[in-house]
Amino acid sequence: MRLGIVTTSPGRSVLTVYARSETGNFFEFTPPSGGFDLSFDYTFFCAITPTMRPSWGKRYGEVIRPGGLLICLAFPIGEAVQVRPCIHPE
């Protein structure tokens, strides 16, 4: 998937953003040369077993370029939360 966003307004610069979606085994795919500028983790971290979490961090260090960004969406947990993603119970 390639997504382009162009924003213009009088007296302002044009901002163009392109994104690509990858599907596959996170721990095995080949990242682009130089790594990604940004990666968005949407509840992946909370869904894997706690023993895999160090590998998760190491792998993100490999796929994001130096100076790149990792954005993680995390959900609060507890009795007050009515809707939540599938989280690992540990």
Side-chain angles (χ1 to χ4, degrees):
M1 171 176 74
R2 184 176 167 131
L3 169 68
I5 302 171
V6 178
T7 305
T8 61
S9 61
R12 304 239 176 173
S13 300
V14 175
L15 169 67
T16 304
V17 178
Y18 292 99
R20 144 179 145 195
S21 175
E22 294 284 337
T23 302
N25 185 325
F26 173 72
F27 297 101
E28 296 177 358
F29 82 96
T30 302
S33 177
F36 290 104
D37 295 319
L38 179 138
S39 187
F40 182 69
D41 183 306
Y42 186 75
T43 68
F44 178 39
F45 180 82
C46 64
I48 60 176
T49 62
T51 57
M52 291 181 71
R53 292 177 180 164
S55 296
W56 172 93
K58 181 179 184 293
R59 182 65 172 150
Y60 266 120
E62 297 167 354
V63 301
I64 299 174
R65 70 168 175 78
L69 299 173
L70 171 60
I71 299 173
C72 296
L73 178 63
F75 285 86
I77 56 174
E79 296 302 317
V81 179
Q82 299 297 317
V83 177
R84 67 181 100 194
C86 177
I87 59 173
H88 199 278
E90 293 180 32

Aromatic plane relationship, F44 with F26 - under 30° parallel, 30 to 60° tilted, over 60° perpendicular: perpendicular
May I ask you to test the F45-C72 pair for a side-chain heavy-atom distance under 4.5 Å? no
Any heavy-atom pair between the side chains of F27 and E62 that's under 4.5 Å? no
Do you know the tightest heavy-atom contact between [X] and [Y]?
X: D37; Y: R65; answer: OD1-NE, 2.5 Å
X: R59; Y: E28; answer: NH2-C, 4.0 Å
X: L70; Y: I64; answer: CB-CD1, 3.7 Å
X: P66; Y: G34; answer: CD-O, 4.5 Å

To the nearest 0.5 Å, atom CG of D41 lies from atom CH2 of W56 at 5.0 Å
